[in-house]
Protein chains: 2
Amino acid sequence: MDIRQLRYFIAVAEEANIGRAATRLHMSQPPLTRQIQQLEEELDTQLFVRTPRGMELTQAGTLFLAEARNIRALIEQATERTQRAGQGRLGRLDVAIFGSAILDRIPKLILNFRNEYPDVNVVLHTMTKAEQIAALRQNRITVGFNRMLAPLPDIRSEVIATEALLLAVNLNDPLAAQPALPFDALARRPVILFPSGARPNFVDKVLALCEARGFTPEVAQEVGDAVTGVALVASGFGVCMVPESATTLQYPGVVYLPFEDAPADARVDLSCIYRADDHSPILTTFLASVRKSAALQDEAMRSA
Amino acid sequence: MDIRQLRYFIAVAEEANIGRAATRLHMSQPPLTRQIQQLEEELDTQLFVRTPRGMELTQAGTLFLAEARNIRALIEQATERTQRAGQGRLGRLDVAIFGSAILDRIPKLILNFRNEYPDVNVVLHTMTKAEQIAALRQNRITVGFNRMLAPLPDIRSEVIATEALLLAVNLNDPLAAQPALPFDALARRPVILFPSGARPNFVDKVLALCEARGFTPEVAQEVGDAVTGVALVASGFGVCMVPESATTLQYPGVVYLPFEDAPADARVDLSCIYRADDHSPILTTFLASVRKSAALQDEAMRSA
DNA sequence: CTCACCTAATACCTTCGCGGTATGATGAAC
DNA sequence: GTTCATCATACCGCGAAGGTATTAGGTGAG
């Protein structure tokens with residue numbers, strides 16, 4: 001059996017007339033006759049009774065018509081869905097995020113993507129940097145978000161955004177009264193650092209910035225993520241350097257203050273990573289969407 | 001797209017290797033390569049990534065594999081069901097029966113058919129003889145059961161069985177004491193006749209039998225069917241001639257007695273009728289089944 | 001009753017494409 | 001580097017699909 005024959009059969013059944021069906025199929029009558037005969041022969045079942053006025057479906061033919069329409073619809077659906085999958089508009093995408101990336105920017109990027117491609121099932125996984133790289137290598141995730149990535153041969157990384165750094169200060173601290181701080185405020189207070197885990201990370205960034213300005217901060221505590229860090233600031237342990245997006249984390253007794261000199265290197269990157277050999281359309285569309293909405297976010301931030 | 005291509009695709013996907021798939025499909029590798037390429041081209045979607053170790057499904061390919069398996073299963077099911085319909089083993093059969101035919105024989109015939117062909121949906125309709133013929137002509141039924149059918153050009157009828165005639169007698173009647181009756185017992189009692197409705201029918205049969213023996217029975221009452229007739233016998237209205245199969249109708253105060261002389265013409269036929277131009281397989285199988293089980297019934301009756 | 005007209009079926013031809021064999025290109029393993 | 005596997009390409013022959021011309025058969029009008 002052949003899908004072409006199904007098409008032919010449906011046409012003949014609907015027209016109840018081979019000649020008219022042939023016209024509709026843009027072909028001549030004799031080959032159509034032959035195809036119908038072959039179909040009947042292959043099924044070993046009479047589908048039509050030939051009358052002087054045309055073709056009339058038998059009971060078996062009526063049943064087969066329903067089945068044929070089913071099959072045709074299923075085929076159309078299959079091609080359509082496959083094509084959408086091939087364009088990265090349908091399927092599943094496993095995305096890894098890290099702890100404080102939950103704050104603000106990343107969720108918005110992913111939300112934009114989900115709105116644009118509602119038939120892609122985005123599955124989120126929380127992983128550390130090292131876990132993300134291992135998961136990429138095992139194909140357990142397709143893309144990950146992280147900061148401060150060292151280059152690797154098999155993993156490509158792409159900076160999505162850079163964020164300014166702010167200082168989280170306890171509201172009772174005299175520093176909190178000022179609208180902006182000099183960078184060396186860090187030298188005058190115990191500092192809370194995060195994250196713990198694989199280096200290089202945000203800790204190294206902060207320490208490097210201080211070193212460039214000729215001082216070494218007093219480390220009050222190292223913690224796992226930004227949320228814990230801000231919680232310690234609220235408890236009066238010290239100050240804590242955080243990326244801009246952490247300010248969505250409103251914590252009683254904590255204010256986020258910019259640096260008055262706003263040094264160009266006092267920024268931290270936010271990157272997404274993916275396999276260098278992954279050319280799947282779903283990743284391509286995701287990256288395109290992320291680049292687009294990250295650019296929009298940047299613009300909105302600059303104008304604010 | 002082509003069903004053959006689906007088969008090829010499934011094989012390649014399952015083997016993850018064109019060469020092995022070609023072997024499995026009993027063909028050589030190059031044409032298989034080409035068919036897969038054509039399929040991808042037609043779908044405008046990459047289904048496989050070519051590796052030095054074989055073919056690996058893309059996400060779109062994985063989805064298409066599931067769809068292709070679905071389609072293949074649906075096609076197999078469609079051919080199988082159509083073939084069964086073409087053999088009269090699947091479908092719908094509208095059968096008309098008349099009032100007292102509900103008794104015994106016909107239900108058994110239909111039950112046998114339903115057991116033998118469980119996928120045929122038998123729909124029963126109760127109709128008089130005239131209604132059955134009209135319904136056949138309008139294709140509202142496929143086959144009907146009735147008695148005493150006059151031949152018609154467009155309706156074929158076939159005697160399924162003949163039944164002996166018995167006399168239903170009230171238990172208080174002195175006749176009821178005898179094991180068998182002479183035929184002219186009918187001349188000595190008021191007679192209940194049935195059915196009313198289109199002639200010729202069973203009434204004519206009874207009257208003709210009496211006339212052949214030189215008497216005209218006294219008609220106590222004409223009623224619609226055997227059930228009512230027997231009820232009147234129970235009430236003492238008179239006697240009533242019934243076909244053998246009516247004896248399944250056990251009625252308190254009524255006995256069924258055979259005729260001692262058992263004349264050869266004291267029998268009545270039971271026929272089935274169908275369109276002369278109906279050659280549908282479902283009718284053919286039904287008739288074959290009916291003939292077979294009617295013969296078995298006859299045999300059982302004779303030996304009893 | 002016959003003829004015209006509709007229907008589907010058949011005969012024959014051309015062409016396109018499927019499958020075959022032989023060979024090439026490419027990456028992995030030793 | 002050589003060998004072995006993979007898939008891709010080139011080219012050929014044949015079968016089958018579609019086209020044209022015609023036949024066969026039933027219906028309805030005159």
Side-chain angles (χ1 to χ4, degrees), chain A residues 1-58 60-61 64-65 68 137 153-154 275-279, chain B residues 1-58 60-61 64-65 153-154 275-279:
Chain A
M1 190 185 330
D2 193 342
I3 290 173
R4 182 175 32 87
Q5 284 176 316
L6 289 186
R7 250 180 48 236
Y8 291 179
F9 168 77
I10 291 170
V12 173
E14 285 177 353
E15 300 288 343
N17 178 310
I18 290 198
R20 276 202 303 276
T23 308
R24 185 170 121 183
L25 294 166
H26 305 296
M27 66 190 288
S28 64
Q29 170 257 319
L32 185 52
T33 295
R34 194 157 34 129
Q35 290 301 324
I36 297 295
Q37 287 171 339
Q38 282 178 12
L39 183 61
E40 287 184 325
E41 199 170 325
E42 185 183 334
L43 290 173
D44 198 27
T45 303
Q46 199 176 343
L47 300 173
F48 295 99
V49 286
R50 276 70 170 172
T51 76
R53 278 180 312 288
M55 309 280 278
E56 195 175 295
L57 282 171
T58 62
F64 189 66
L65 176 59
R137 293 201 169 118
D154 58 336
R275 291 175 68 110
D277 63 354
D278 188 346
H279 304 105
Chain B
M1 190 185 331
D2 193 342
I3 290 173
R4 180 175 33 86
Q5 285 176 315
L6 289 186
R7 249 181 49 237
Y8 290 178
F9 168 76
I10 291 171
V12 173
E14 284 176 354
E15 299 289 342
N17 177 311
I18 291 198
R20 278 201 303 275
T23 309
R24 185 170 121 183
L25 293 167
H26 306 296
M27 65 191 287
S28 63
Q29 169 257 318
L32 185 53
T33 295
R34 191 157 37 126
Q35 291 301 324
I36 297 296
Q37 287 172 339
Q38 282 178 10
L39 182 62
E40 288 184 325
E41 199 170 325
E42 184 184 335
L43 290 173
D44 198 27
T45 303
Q46 198 177 343
L47 300 173
F48 294 98
V49 287
R50 277 72 171 169
T51 76
R53 277 180 314 287
M55 308 280 278
E56 196 175 295
L57 281 171
T58 61
F64 189 65
L65 176 59
D154 58 337
R275 291 175 67 112
D277 62 354
D278 187 346
H279 303 105

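First the proteins, then the strands, lettered A, B, ... as listed; each starts at 1. Note that these values count all heavy atoms, side chains included, but never hydrogens, waters or copies made by symmetry.
Within the nucleic acid shown, Gln38(A) comes within 4.0 Å of sugar-phosphate atoms alone, with no base atom in reach, counting heavy atoms only. Across all strands, Pro31(B) comes closer than 4.0 Å to base atoms (heavy-atom distances). Note on Phe48(B): nothing from the nucleic acid sits closer than 4.0 angstrom, heavy atoms only.
Atom pair Arg4(B):CZ and dA16(D):P shows a separation of 12 Å (rounding to whole Å applied). To the nearest angstrom, P of dT7(C) lies 11 Å from CD1 of Ile18(A). In this entry the distance linking CD of Glu56(A) with P of dA8(C) reads 12 Å, nearest Å. Here the C1' atom of nucleotide dA16(D) and the OH atom of Tyr8(A) are 12 Å apart, to the nearest Å. Look at CE on Met1(A): it is 17 Å from P on dA16(D), rounded to the nearest Å. Counting to the nearest Å, the C1' atom of dA8(C) and the CD atom of Glu15(A) are 16 Å from each other. Per the geometry, CG belonging to Asp2(B) stands 14 Å off P belonging to dA16(D), to the nearest Å. Remark: P of dG26(D) and CG of Asp277(B) are 15 Å apart, rounded to the nearest angstrom.
To the nearest 0.5 Å, the span separating CD1 on Ile36(A) from CE on Met55(A) amounts to 6.0 Å. If you take CD on Gln5(B) and CZ on Arg34(B), they are separated by 11.0 Å, rounding to the nearest 0.5 Å. The line from OG1 of Thr58(B) to CZ of Phe48(B) is 8.0 Å long, rounded to the nearest 0.5 Å.
OP1 or OP2 of dA8(D) has at least one side-chain nitrogen or oxygen of Thr33(B) nearer than 4.0 Å.
Residue-to-nucleotide contacts include a donor-acceptor pair under 3.5 Å from the side chain of Gln29(B) to the base of dA8(D).
Of the listed nucleotides (dT7(C), dA8(C), dG18(D)), dG18(D) has the atom at the smallest distance from the side chain of Gln35(A). For Ser28(A), the side-chain atoms get nearest to dT20(D) when compared with the rest of dT20(D), dA10(D), dC7(D). Residue Asn17(A) places its side chain closer to dA8(C) than to any other of dT9(D), dG26(D), dA8(C). Here the side chain of Pro30(B) is nearest to one of dA10(D), dC7(D), dG19(C), namely dA10(D). Comparing dC7(D), dG26(D), dT10(C) by their closest approach to the side chain of Gln37(A) singles out dT10(C).
Residue-environment remark: CZ (Arg50(B)) exceeds the threshold of 12 foreign heavy atoms within 6.0 Å.
Each of Thr51(B) and Met27(A) was assigned the nucleotide of DNA chain D with the nearest heavy atom; the assignment lying further toward the 5' end belongs to Thr51(B). Comparing Arg53(B) and Arg34(A) by the nucleotide of DNA chain D that holds the closest heavy atom to each, the one mapping nearer the 5' end is Arg53(B).
No side-chain heavy atom of Arg275(A) sits less than 4.5 Å from a side-chain heavy atom of Asp154(A).
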